[in-house]
Amino acid sequence: MGQVSHPNAHELIHHPLRRMRRLGSLIYTTMLIGHHVSAHLRVHHPQVATRDDPNTARRGEEVYCFLLRAWLGSFRAGLRADDRLPTRKSVPATAWSHPYVGYCGGASFALILATVAGGAPLLLLYLLLTGYAQLQIFPVDCVQHYGLQSAMTGSGRVEPVGPGHSWNAPHWYSSAMMLNAPRHSDHHLPLNGATRN
């Protein structure tokens, strides 16, 4: 789940087709980390390498401290970002249309399904598996932007996202195995939707 589902789901949530993005969201939801979709797209990309991004590790921050701060921070920041979506304000939004209803409802359904299918042992196994998968996601997030900080421009805005805001390991084998994820700065370039607010 952590080494295969996460990279694939990550690529899917950036896909131009809505059904593919929904499939990526569903994968993250079954990993009990559906909020990663909103936090990644609406917080991490626009705020990468700033204090406003919970998924940018600070210099000297240990991975376990980062993991707790990033998980909770991503949940809260993604929720705030979804609450501020222009479409939620312009169209009368119902509580059921909020993405977090899908993330939390889908996770609850997966937990209930595991319990019904195999009782407490399967539920425990599912929780351990998803927890282990999440423990693989966050150390990667920690390394990809560790200690990097965006500078402020003369106009008081954060500088545009560039290659210096991510660490890379662009070797052919790791790139082939991880869908080019080791070339992380390429993922954040403006062509891939990384723009500052």
Side-chain angles (χ1 to χ4, degrees), residues 1-15 20-50 52-59 61-82 99-100 102-104 106-108 110-111 114 123-148 161 165-171 173-188 192-194:
M1 287 180 91
Q3 293 300 318
V4 176
S5 296
H6 167 56
N8 285 291
H10 177 260
E11 292 305 310
L12 287 169
I13 65 171
H14 283 285
H15 200 280
M20 301 305 274
R21 290 192 306 268
R22 285 187 172 164
L23 179 59
S25 295
L26 180 62
I27 294 168
Y28 277 125
T29 299
T30 63
M31 296 170 67
L32 307 184
I33 192 167
H35 69 272
H36 181 75
V37 177
S38 295
H40 182 78
L41 297 173
R42 297 185 184 96
V43 180
H44 177 65
H45 271 274
Q47 304 299 332
V48 66
T50 70
D52 294 328
D53 176 28
N55 284 82
T56 296
R58 297 168 183 155
R59 188 176 303 277
E61 187 173 32
E62 294 181 11
V63 70
Y64 295 108
C65 295
F66 168 78
L67 190 146
L68 183 61
R69 182 180 66 78
W71 202 102
L72 293 171
S74 293
F75 189 91
R76 292 180 187 135
L79 180 60
R80 282 193 304 271
D82 280 343
Y100 271 63
Y103 305 150
C104 296
S108 297
L111 292 170
L123 175 63
L124 179 61
L125 179 63
Y126 185 64
L127 288 170
L128 289 172
L129 184 61
T130 57
Y132 183 65
Q134 291 179 33
L135 285 173
Q136 293 177 53
I137 294 169
F138 283 101
V140 172
D141 283 354
C142 182
V143 169
Q144 287 175 334
H145 304 285
Y146 176 80
L148 300 174
V161 177
H165 296 112
S166 301
W167 295 106
N168 286 319
H171 305 292
Y173 185 76
S174 56
S175 290
M177 294 298 292
M178 299 301 296
L179 302 174
N180 291 325
R183 293 184 55 87
H184 197 65
S185 62
D186 290 355
H187 174 68
H188 278 279
N192 291 311

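- Under the 4.5 Å side-chain criterion, counting only non-hydrogen atoms from C-beta, T130 is not in contact with I33.
- Going from atom CG of L67 over to atom CD of E62 covers 12.5 Å, rounded to the nearest 0.5 Å.
- Rounded to the nearest 0.5 Å, atoms CG (L123) and CG (L128) are 9.5 Å apart.
- Here the closest non-hydrogen pair linking A77 and P54 is CB-CG, 4.2 Å.
- In terms of heavy-atom proximity, N8 sits nearest to V4 at ND2-O, 2.7 Å.
- A distance of 9.5 Å separates NE2 of H35 from OH of Y103, quoted to the nearest 0.5 Å.
- Counting heavy atoms from C-beta on, the side chains of V63 and F138 never come closer than 4.5 Å.
- Looking at heavy atoms from C-beta onward, D82 lies in side-chain contact with R42 at the 4.5 angstrom threshold.
- Of all heavy-atom pairs between V43 and G78, the closest is CG2-N, 4.0 Å.
- Atom CG of L23 is separated from atom CD of E11 by 13.0 Å, given to the nearest 0.5 angstrom.
- Of all non-hydrogen atoms in Y126 and A110, the two that sit nearest each other are OH-CB, 3.3 Å.
- Other residues, nucleotides and ligands place no more than 12 heavy atoms under 6.0 Å from the CZ atom of R22.
- A donor-acceptor pair is defined here as one N or O able to donate and one able to accept, closer than 3.5 Å; no such pair exists between the side chain of S74 and the backbone of W71.
- For the residue pair H6/H36, the side-chain donor-acceptor check at 3.5 Å is not satisfied.
- Nearest heavy atoms, S25 versus I13: N-CG2, 3.9 Å.
- Counting heavy atoms from C-beta on, the side chains of L32 and L111 come closer than 4.5 Å.
- Put simply, OH on Y28 and NE2 on H10 are 6.0 Å apart, with the number rounded to the nearest 0.5 Å.
- Nearest heavy-atom pair across M31 and A133 is CE-CB, 3.8 Å.
- Within the 3.5 Å criterion, the main-chain N or O of L79 finds a donor-acceptor partner in the side chain of Y100.
- Separating the NE2 atom in H45 from the NE2 atom in H14 is a distance of 3.5 Å, to the nearest 0.5 Å.
- A donor-acceptor contact shorter than 3.5 Å is absent between the side chain of Q47 and the backbone of T56.
- T30 contributes a side-chain N or O that, together with a main-chain N or O of I27, makes up a donor-acceptor pair within less than 3.5 Å.
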